[in-house]
Amino acid sequence: MERLQIGIVPDGGKTGLTDFKAYGNNRIGISGCMVLLIDSGCAIVSVGFKRRVLRRGMMAVLFYDDIFWIEQSSSTFHCRYVALADENVQEAIYKLSSPYFWDALSENPLLSLNSGQQKLLERWQEQMEWICHNSASEYTNQLLRNNIYNLFMAIDGAITQNSTSYTQTISRSRSLIIKFLKLVAQHFRTNREVSFYARQLCITTTYLYKLTHKRWNLSPKELIDQQTICEIKTLLSSTDMSVKEIASTLHFEDTPYMCRYFRHHTGFSPMEYRNGAKRL
């Protein structure tokens, strides 16, 4: 088993087998897109601040702004993965015009497969593996883009054919929630004020609070703080950056303030957490 590289995927794409145990309960870094096909076992995972069960016969489609980590997993849990750089996902995103494909994945990025779909996904993963390792370099990226687009189209077709719960019109409240999460993923390193996000969405902070509280029973500030803490944990456990460098990267006013912020939310100092992560 291997630990997936956090950050930009080299050479446009990467495939392999993993059990994620090297991550402990830290956020798993995703660059452009990561597709998981569960081979065996089961795991309790957190996706978008919701706890879900991931088991054999399921797949996950995750993007760079998804907050994802493994809370618990069985000893037999492992999955095949395809990780694609952002440049090889954007074309598929722009080409896919379905108004409810993204709404459905935002609601639940973990999909159950029937036996036929599972066999097709296994073949798709084998194709992606062949492309990453055997195709001529000048064709690799375009082949990856074509194949991820084919997958998105197949998922969209399954959603629209088998589900009656998704309509052509995305509700305004759900659309605002999706936009809020995307804005947080883009800006939390430089701006953690709820008022900033409310202004970007052209709504009041009170209305934003009502939306997030109804969806997750959490305030907008709590969601922003969760993403920030996940990022600090990832940088502490997966890089050699100093605490001062992390504070600067995340635009805290000074290092002591970030240390107090981290201790308030976790019960540990940054160095206590880093030393504990190294023992995992």
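If you read the sequence from its start, that first residue is 1, and numbering goes on from there. None of these values were measured; they are calculated from a predicted model.
Between the side chain of W124 and the main chain of N147, a donor-acceptor pair closer than 3.5 Å is present. Side-chain atoms of N275 come within 3.5 Å of backbone N or O of M271 as a donor-acceptor pair. The main-chain N or O of L84 is never found under 3.5 Å from a side-chain atom of N88 such that the two would form a donor-acceptor pair. The main-chain N or O of C42 is found under 3.5 Å from a side-chain atom of S74 such that the two form a donor-acceptor pair. Of the possible donor and acceptor atoms, none in the side chain of Q142 sits under 3.5 Å from a partner among the backbone N and O of Y139. H133 places no side-chain N or O within donor-acceptor distance of the main-chain N or O of I131, the cut-off being under 3.5 Å.
Between D225 and Y261, the side chains place a donor N or O and an acceptor N or O closer than 3.5 Å (distance only, hydrogens not considered). Using modelled atom types and a 3.5 Å distance limit, the side chains of N114 and Q118 yield no donor-acceptor pair. Looking at H78 and T18, their side chains never bring a donor and an acceptor atom within 3.5 Å of each other. Judged by distance alone, the side chains of S195 and T205 never bring a donor and an acceptor atom under 3.5 Å apart.
Taking the six-membered ring where tryptophan is involved, the planes of F152 and F63 are tilted, since the angle between them lies from 30° to 60°. Taking the six-membered ring where tryptophan is involved, the planes of Y197 and F180 are perpendicular, since the angle between them exceeds 60° and thus also 30°.
For the side-chain contact (heavy atoms from CB on, under 4.5 Å) test with T212, the passing option among I177, L176, L218 is I177; the others fail.
Figure legend: cation-pi geometry between R56 and F77 absent, as NZ or CZ is not positioned both under 6.0 Å from the six-membered ring centre and within 45° of its axis.
By the 4.5 Å heavy-atom criterion applied to side chains, I70 and S46 are not counted as neighbours. Put simply, the side chain of F68 does not reach to within 4.5 Å of the side chain of P109, judged on heavy atoms. Residues H213 and N217 have side chains in contact (heavy-atom distance under 4.5 Å, counting atoms from C-beta outward).
In this structure, Y207 places its OH atom where more than 12 heavy-atom neighbours from other residues, nucleotides or ligands lie under 6.0 Å away.
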